[in-house]
Amino acid sequence: MDAQGEHRTQRYLTAFVVSFGVWLALVGTLNWQELLMGGVLSAIVAALGWRYFSQVGFSRLTPKKFLYLIAYIPVFFWAMIKANFDVAYRVIHPRMPIHPGVVLIKTDLKSDSGKLALANSITLTPGTLTMDVEGDSMLIHWINVKSTDTKETTRMISEKFERFLKVIFS
Amino acid sequence: MYIFGQVLIGIGTAFLFLGGLGIFRLPDVYNRLQAGTKCTTLGAFSTILGVGFIHPNWMLKAIVIAVFILLTNPISAHALARASYKSGVKLWDKSVVDRCKEFEECQEIPKEEEG
Amino acid sequence: MTTGNPMMYVGAVGLIMIGLFTVLSKRNLIKIIVGLTLLDTGVNLLLVAIGYIHNRTAPILTQAHADPSKMVDPVPQALVLTAIVIGLGVTALALALAIRVYGHYKTLDTRKIRGLKW
Amino acid sequence: MIYIAILTVAMLIAGLAAYFFRDLIAAVVACAAVSLIASVLFYLLQAPDVAMAEAAIGAGLTTAIFVIAIRKTGRYEK
Amino acid sequence: MTALWLLFLSLGAAGVALCLARAAAGPTTPDRVVGVDGTVTISIALMVLLSSFFDRQIYMDVALVYAVLGFIGVLAVARYMERGV
Amino acid sequence: MVATLLIALPFLGAFLIPLVALASKKLSHYIPAVVMLTNLGIALSLLPQVMNAPIVISLSGWSAPIAINFVVGPLGLGLAILISFIGFLVSVYGISYIHEEPKEKYHMLVLTLLTGATGMVLTGDIFNLFVFFEILSLSSYALTGYNRDRGGTEAAIKYLIQGSIGSSFILIGIALLYGMTGTLNMADIAAHVAGADPTLLFMAMSLLIVGFGVEAAIFPLNAWLPDAHSSAPSSVSAILSGIAIETGAYAVARIVYTVFDGHGIMLVLSILGVITLLIGEMSAFRQKDDIKRLLAYSSVGQMGLIMLAFGIASDAGVFAALFQLVSHTLAKALLFLASGYIIYRVGSKKLSALAGLGRKMPFTGAMIAVAVLSLVGVPPFAGFMSKFSIVRAALAQHSASYTGLIVLVLVATVIEVGYFMKLLQILFFTEAETEGRVKELPLSALIPITILAALIIAIGVYPHMISTVLQHAASGLVQRSAYIQSVLGAL
């Protein structure tokens, strides 16, 4: 990992800022005692866990990525809501119109966190559930199989997310 | 605001119920996980946000909980699916396609080449 | 004793009975330890149920709720917190010992563990 | 409160399940379910701090250490 | 107003009951774990709902702890089944 | 406030050990002995004050029924002195006796066990009684399995399962009591029980007696004791036999006498005691080869005797019970400590392996003889005085049932004489199977043993040394209302 040495401070600061943010959200006040306590605790947590927290810190955060992140949220939520109605329909329907099966897809994402985000997004969206990730292929359980070809399934399941995630995690 | 919160809660609890129904009705582990993760996640998310709308000053904490659920639920679903697949739980017999075998093979090949 | 919900007592006592029955009748050490945790949970439930008073709120003072007369009895809850932690200690120790027993005998069946007469 | 009654019955069924399962992992899962429902009951009995401790210790930690112990010994009760 | 709340609570409770039924019935251990996992998620939502019902914000913390730690139990069992046996 | 140090010091010491061990492992092994010696000093210095009036300490500054409080009466302080004393001797012994790593853990656990025991005898709050009881039992489970061998592990898990069922019962009992009286202070509960529902009261009392009875090894609940006491490392057996079961007996007595005005079940307690006595002595008699198991069964028998004496609900009876408790603790600690090193030197727990050892190591042999004769009840030793006072107290009741029980006690004593004489015969009058020298015990073992033997003789010759304290302690236990007033009035 080339970033090991040079991003140390960056990574530590990232861990600190995120921990402090979570602390603030939890206590919900701006009392100076709470802030002090949160600062001390976040410093400790960051000191213990910065290694596992992120690989590069905020250093590569560009406005473009941030915009994509914002844009990704509604896309994701829309897919999630669709997914819910889809599953709900299948569950309520007396005959349960499901055609489950297991298919493969390929992804272009390289970083682990990118794959994690993709896998989580796939799990929460229409009729699909990530079962395993190995290299660049993912094993997907699909509740309503429409195609078995890897290219086809990749296009149908993951493309709309990958467009965003590729930018965010590049 | 209050009404909106109540609507959200109503949708949320309805989905929670459907999630439970799905977990109960669907035929095999993987399908149950589908229902279990999707419906309960959205249901919990929307219920919690609804409560956040009813009490605006609780919103921050509500969002923290909701985000937590959004992050942890797919991970546990994924872990469970993988675990049950590896420990040999069979797919439902009416499943259309099963490419697990293929996947295993494509995992094997590079290892052999290395060796 | 008349303040709580009768169903709670049924639940707590039932859980205690199931736990005791598991401990006394099962032969597998891990199962016996499962029984011990059930027993613990039942006792804790009983303690909290005894302190419960209808239509009162939790004994935690915040700015919005600072009237102790509207709160349930805090003492049993403090006791239960202690008891839960003690229970965790007992369970952990018991499991460690069970692993060691397995290391010596390669079984967890109390009938096959020589000398362990019940 | 009908909910308390339902939850109590569910808890007792889960307890019985923990007694009857031969698969120890299943028994431990049932035990975690008992803990979960008990913690909901604590919550309904206005003891949120106890519920928190029970959820953390009963459902989380205890299950984890049981699983570790079962991994080091055997899975099935003979 | 109370009737509406009761309706919400009943829906959630029914969900919990169904999940528990699956946990009790499920033919394989993963099925039971799925049931318990569903129970955890629904309970979190119900706890938040109840804290609104009781009007005590402090009760939300319980849901938070639940969200963090219920997850660990499920993960432990899943990891076990993956490696062991 | 000095009295809280009695509990705080061992507890702090226990957590100091790993820290000190970072700097010097050797030094950390001396901490328990130092702490217990300090405790002994503190306890003895408090004695004159306590004889006048009990010291009542309440932490956190609220009034008596609410705050956590400690009641340092003559009984509690007397037992605390005994615990610190035995704890000190065993710690000195343990410095060189314990070989198994990690040694720091052993010393830590011993200190937490002693914390639990001291806390149990000094607390005035029934829930604290439970907490300290759990501290004591958790550390004794861990210590029983300390050697990691088959027997130890097995005994530990057996002890753990039975003990934790017992502690669940205690907790249920406490829950019932709290539900009835709304308080946890023992004196306050005692003041309230008169008006409570008798059925529930009886249930609570039975649950508490059963729970503490597991630790005190009353008859149907003593299955764990022979295994645990015989499989643990010998220094641990000395603590278990000398301290743990005695605190269990104390708890039972405190519950029956102070919390509930339990005159109705005194005879039951006595009968259970006699059954325990007979079963313990007969099982000990049947032991053919394991010396530690023999001693463990003998402990069961002695506990029965103590319970019997507690059941004689008079000043004299409780006095006799306490006297017996002290003499048994001293003698049994001596026997376990001595046999520990002998087993280590000979390399076997078998009785036959001890043949002729009394002549090879005459000093240790003599000490063992002192303890054995004291346990049997031969005149110049402490055991004679205690047994004699039990018999006298029982006969003073002028009731046929107690006289019958005393006859059974005499029968049991005959059995006891039988197996202890066998032990002495093997030690002194049997030809050794193998020639060769066996080294005398090291100094760190000889000093505790000698002190114990000297005390046994001294108490036997001058019983007045301890009888004043015991008299006060006994009346403190029997006179219930005085206790209640002194605790509730003190704040």
Side-chain angles (χ1 to χ4, degrees), chain C residues 4-5 7-8 10-12 14-15 17-19 21-22 25-31 33-35 37-38 40-42 44-45 47-49 51-54 56-60 71-72 74 76-78 80-81 84-85 87-88 91-92 94-96 98-99 101-103 106-109 112, chain D residues 1-22 24-25 27-28 30-32 34-39 41-58 61-63 65-78:
Chain C
N5 185 326
M7 204 57 206
M8 288 304 305
V10 173
L15 208 53
M17 289 300 157
I18 293 172
F21 194 61
T22 312
S25 69
K26 283 289 176 183
R27 297 291 178 201
N28 184 296
L29 272 181
I30 301 258
K31 214 49 180 292
I33 299 165
V34 167
T37 60
L38 292 181
D40 253 9
T41 314
N44 294 340
L45 214 49
L47 262 169
V48 173
Y52 177 68
I53 301 161
H54 196 60
R56 294 215 187 160
T57 182
I60 298 169
M71 291 182 174
V72 299
Q77 300 191 5
V80 172
L81 278 180
I84 286 176
V85 176
L88 175 72
T91 311
L95 285 171
I99 293 173
V101 165
Y102 188 80
K106 299 294 167 221
T107 180
L108 286 176
D109 191 336
K112 289 184 189 144
Chain D
M1 283 286 264
I2 185 97
Y3 300 111
I4 288 187
I6 293 172
L7 281 172
T8 309
V9 171
M11 185 177 73
L12 290 180
I13 290 173
L16 283 176
Y19 175 81
F20 282 112
F21 286 151
R22 298 248 160 227
L24 289 176
I25 286 281
V28 168
C31 193
V34 170
S35 248
L36 278 172
I37 303 172
S39 112
L41 282 174
F42 285 142
Y43 188 93
L44 290 176
L45 291 177
Q46 309 286 349
D49 40 357
V50 178
M52 229 187 283
E54 178 73 31
I57 290 174
L61 264 176
T62 308
T63 313
I65 58 177
F66 263 115
V67 167
I68 291 169
I70 291 173
R71 182 187 285 161
K72 290 192 173 170
T73 59
R75 175 162 173 187
Y76 290 97
E77 178 190 354
K78 271 160 266 171

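Chain letters run A, B, ... following the sequence lines, proteins first and then strands; every chain starts at 1.
Panel note: side chain C:Lys31, backbone C:Ser25; no donor-acceptor pair is recorded below 3.5 Å.
The OG1 atom of C:Thr107 sits 12.5 Å away from the CZ atom of C:Arg27 when rounded to the nearest 0.5 Å. C:Ile30 CD1 to D:Ile25 CD1: the interatomic distance, rounded to the nearest 0.5 Å, is 9.5 Å.
With respect to chain C, the highest number of heavy-atom pairs below 4.5 Å among D:Leu45, D:Leu41, D:Thr8 belongs to D:Leu45. Ranked by non-hydrogen atom pairs under 4.5 Å with chain D, the options C:Ile84, C:Val10, C:Val85 are led by C:Ile84. For the options D:Ile57, D:Val9, D:Leu61, D:Ile70, heavy-atom pairs under 4.5 Å to chain C are most numerous at D:Ile57. Of the listed residues (C:Val101, C:Val80, C:Val48), the greatest number of heavy-atom pairs within a distance under 4.5 Å of chain D belongs to C:Val48.
In this structure, the portions of C:Thr22 lying under 4.5 Å from any heavy atom of chain D include both its backbone and its side chain. Proximity to chain D involves both the backbone and the side chain of C:Leu45, based on heavy atoms less than 4.5 angstrom apart. Neither the backbone nor the side chain of C:Asp40 has a heavy atom closer than 4.5 Å to any heavy atom of chain D. Using a 4.5 Å cut-off between heavy atoms, D:Leu12 contacts chain C through both its backbone and its side chain. Only the side chain of D:Leu24 comes within contact range of chain C, judged by heavy atoms closer than 4.5 Å. Looking at C:Val34, both its backbone and its side chain come within 4.5 Å of chain D, counting heavy atoms on both sides.
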Does the side-chain contact (heavy atoms from CB on, under 4.5 Å) test come out yes or no for D:Leu7 and D:Leu44, once each step is laid out? CA-CA 10 Å; D:Leu7 281 172; D:Leu44 290 176; 3.8 Å; yes

Give the C-alpha distance, both sets of side-chain angles, the deciding distance and a yes or no for side-chain contact (heavy atoms from CB on, under 4.5 Å) between D:Glu54 and C:Thr41. CA-CA 9 Å; D:Glu54 178 73 31; C:Thr41 314; 3.9 Å; yes

Worked verdict on D:Tyr19 versus C:Leu38 for side-chain contact (heavy atoms from CB on, under 4.5 Å): CA-CA 10 Å; D:Tyr19 175 81; C:Leu38 292 181; over 6 Å; no

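Residue C:Lys26 qualifies as enclosed at atom NZ: its count of foreign heavy atoms under 6.0 Å is above 12.
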